[in-house]
Chemist: 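Okay, here's the structure, questions in a sec.
Remember, it's 1-based here, ligands and their atoms both numbered in the order they're listed. Counting from 1, the numbers follow the sequence of the chain as shown.
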Amino acid sequence: MKNILVTGGAGFIGCNFVRYVLNREPELKVTVFDKLTYAGRLENLAAVSERFGGRYHFVQGDVCDAARVEETVALRNIDTIINFAAETHVDRSILDPDAFVKTDVYGTYVLLEAARKLGNLRFHQISTDEVYGHVAGRRRSLEEDALAPRSPYSASKAGADLFVNAYCTTYGLPVTISRGANNIGPYQYPEKVVPLFITNALESIPLPVYGDGKQMRDYQFVADHCAAIYLILTRGRIGETYNIGTGSEMTNLAMVEILLDELDKPPSLIRHVEDRLGHDRRYSLDVSKTLALGWEPDYTPEQAIRATARWYRDNRWWWQPIRDGEFKQYYETVYGARRELDLQ
Ligand code: NAD
Ligand code: DAU
């Protein structure tokens with residue numbers, strides 16, 4: 001692994017992964033391939049560009065554009081593709097699934113074709129615990145569980161996983177897949193619940209908790225996720241899928257209490273509002289297969305939430321322009337007409 005292509009590298013997890021690998025591998029060269037949608041931001045990589053200039057290269061492009069993908073892979077002498085590029089927000093997928101099908105399914109197919117045609121390149125797909133769907137009772141999802149996605153976002157990600165495995169079986173493409181739980185940390189677009197609630201709280205705006213707030217999520221720190229992805233890339237078995245998370249989930253209300261406490265803001269900011277359509281109540285991953293590779297998360301979910309709250313408190317320069325831009329319109333569309341619930 002000498003020249004890697006990181007698609008979606010200007011987004012939240014991608015930019016953290018680029019930092020992680022450049023710091024960790026002194027000889028590695030990284031090409032980021034990103035369309036720069038609303039979620040992809042060059043400022044996420046500005047410090048990387050300054051510090052690692054010679055080993056870092058940026059290409060603006062769409063993963064659905066086969067010619068541009070193949071040209072980049074050939075010109076940059078790529079030996080490994082790591083596919084982070086995706087439309088990622090469930091609420092946006094409910095409003096308009098179109099871009100999700102295009103980028104998450106067709107875009108993955110384009111990348112797989114490029115990997116197959118240009119030398120059977122190593123391919124790693126960044127997937128999500130959402131492909132397993134709602135997990136009932138005390139069960140935890142295992143990698144071999146059937147896929148049961150329930151939102152347009154998770155259906156698109158599941159479609160991509162099936163394509164990745166099909167390319168391994170049919171063409172012998174050396175693939176791995178990782179399925180991560182909810183990531184939080186620096187540079188996450190403030191539409192996702194944790195940065196949304198932190199930035200709302202910092203502006204003393206109410207926090208819109210969907211339904212009763214008793215949905216369960218495993219909030220993992222993004223740096224832990226990146227370390228696990230790297231381990232799977234270097235030590236994972238070809239053809240295999242790996243779950244990544246802390247293995248410990250909490251309710252959304254518990255998450256809110258922690259972040260309000262860290263920011264010293266009052267619980268009176270909490271508002272229960274109309275639920276998300278088709279909302280998955282619980283995700284829960286069995287992560288023993290990834291632990292067996294020799295990885296362990298450094299952060300508990302609570303530590304991850306507190307560290308994330310401090311980062312947003314200290315980095316208003318990053319999120320304030322976002323909240324003052326396109327985000328305003330989006331916020332109005334999703335939350336403007338949302339009915340408040342009286343749960344007494
Ligand atoms: P993000 O929305 O922050 O970033 C997505 C990036 O992909 C952006 O830089 C965007 O510009 C780029 N992109 C979108 N469409 C593109 C296209 N057609 N061509 C090229 N680039 C395109 O997402 P994220 O939270 O960093 O998620 C990254 C990956 O991790 C996704 O595949 C997502 O499904 C997966 N994932 C996310 C989480 C999470 O909690 N955020 C958890 C598990 C898995
Ligand atoms: O589980 C991994 C997935 O986590 C990733 O694959 C997705 O890309 C990522 O967006 C995330 O999906 P979720 O739907 O779990 O994340 P989100 O931050 O949107 O919501 C987390 C929980 O918080 C969920 O139960 C819905 C709830 N929520 C969300 C928002 C935006 C609220 O209560 N209020 C909100 O305003």
Chemist: A181 heavy atoms, cut-off 4.0 Å: which ligand 1 atoms fall inside?
Modeler: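 Ligand 1 atoms under the 4.0 Å threshold to A181: 42 (C), 43 (C).
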Chemist: Any nitrogen or oxygen of A85 lying under 3.5 Å from a nitrogen or oxygen in ligand 1? Just yes or no.
Modeler: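 No; every N/O pair is 3.5 Å or more apart.
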Chemist: Give a yes/no on ligand 2: does H279 have at least one heavy atom closer than 4.0 angstrom to it?
Modeler: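 For ligand 2, residue contact (heavy atoms, under 4.0 Å) with H279 is present.
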Chemist: Polar-atom distance check: N183 versus ligand 1, any N or O pair below 3.5 Å?
Modeler: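 There is such a contact, yes.
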Chemist: Say whether Y283 and R179, considering side chains only, have a donor N or O and an acceptor N or O under 3.5 Å apart.
Modeler: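 Result is no, nothing qualifies.
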Chemist: D280 to ligand 2: N or O pair under 3.5 Å?
Modeler: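 No; the residue has no nitrogen or oxygen that sits under 3.5 Å from a nitrogen or oxygen of the ligand.
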Chemist: Output the list of atoms in ligand 1 that are nearer than 4.0 Å to some heavy atom of S127, sorted by atom number.
Modeler: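 Per the distance check, 43 (C), 44 (C).
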Chemist: Among all protein heavy atoms, pick the one closest to atom 19 (N) of ligand 1 and tell me residue, atom and distance.
Modeler: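 Ranked first by proximity to atom 19 (N) of ligand 1 is V63 N, 2.9 Å.
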Chemist: Can you name the atoms of ligand 1, numbered from 1 with element, that are less than 4.0 Å from a heavy atom of K157?
Modeler: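 Listed by number with element, the hits are 31 (C), 32 (O), 33 (C), 34 (O).
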Chemist: Mind checking whether F84 has an N or O less than 3.5 Å away from an N or O of ligand 1?
Modeler: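 By distance alone, the answer is yes.
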Chemist: Would you check the N or O atoms of P208, main chain and side chain alike, for any that come under 3.5 Å of an N or O of ligand 2?
Modeler: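 Right, the criterion is met.
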Chemist: Examine the proximity of ligand 1 to Y219 and report which part, side chain or backbone, both or neither, has a heavy atom under 4.0 Å away.
Modeler: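 The answer is neither; Y219 stays 4.0 Å or more away.
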Chemist: Is there at least one pair of N or O atoms, one from L196 and one from ligand 2, spaced under 3.5 Å apart?
Modeler: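 Among all N and O atoms of L196, none is under 3.5 Å from an N or O of ligand 2.
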Chemist: Check each heavy atom of T88 against ligand 1 and say whether those closer than 4.0 Å belong to the side chain, the backbone, both or neither.
Modeler: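 The answer is the side chain.
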Chemist: Say whether Y189 and ligand 2 are in contact under the criterion: heavy-atom distance to a ligand atom below 4.0 Å.
Modeler: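 Y189 does not count as a contact of ligand 2 under the 4.0 Å cut-off.
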Chemist: Among R92, E130, K192, which one puts a heavy atom closest to atom 13 (P) of ligand 2?
Modeler: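 Among R92, E130, K192, the closest heavy atom to atom 13 (P) of ligand 2 belongs to E130.
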Chemist: Can you find an N/O atom of Q215 closer than 3.5 Å to an N/O atom of ligand 2?
Modeler: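 The answer is no, given that Q215 and ligand 2 share no N or O pair closer than 3.5 Å.
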Chemist: Judged on heavy-atom distance to atom 27 (C) of ligand 2, which of T251, V273, V256, N252 sits nearest?
Modeler: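 Ranked by closest heavy atom to atom 27 (C) of ligand 2, first place is N252.
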Chemist: Could you go step by step and tell me if R55 and V48 meet the side chain to side chain contact (heavy atoms under 4.5 Å, CB included) rule?
Modeler: CA-CA 10 Å; R55 296 197 287 129; V48 169; over 6 Å; no
Chemist: When you compare ligand 2 with D91, is there at least one nitrogen or oxygen pair between them that comes in under 3.5 angstrom?
Modeler: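 No, no N or O pair falls under 3.5 Å.
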Chemist: Taking all heavy atoms of R235 and all of L293, pick out the closest pair and write down the distance.
Modeler: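 Distance-wise, the nearest heavy atoms are NH1-O, 3.0 Å.
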Chemist: Can a donor-acceptor pair be found between the side chains of Y210 and D91 at a distance below 3.5 Å?
Modeler: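 Judged by distance alone, the side chains do pair up.
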Chemist: Applying a heavy-atom cut-off of 4.0 Å, say which part of L36 lies close to ligand 1: side chain, backbone, both or neither.
Modeler: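 The backbone, only.
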Chemist: Only heavy atoms of N182, strictly under 4.0 Å: list the atoms of ligand 1 that pass.
Modeler: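 Those of ligand 1 that fall under 4.0 Å from N182 are 40 (O).
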Chemist: Testing the 3.5 Å rule here: is there a donor-acceptor pair between the side chains of E43 and Y187?
Modeler: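 On atom types as modelled, these side chains do not qualify, holding no pair under 3.5 Å.
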Chemist: Answer with yes or no whether K157 contacts ligand 2, where contact means a heavy atom under 4.0 Å from a ligand atom.
Modeler: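 No, K157 has no heavy atom closer than 4.0 Å to ligand 2.
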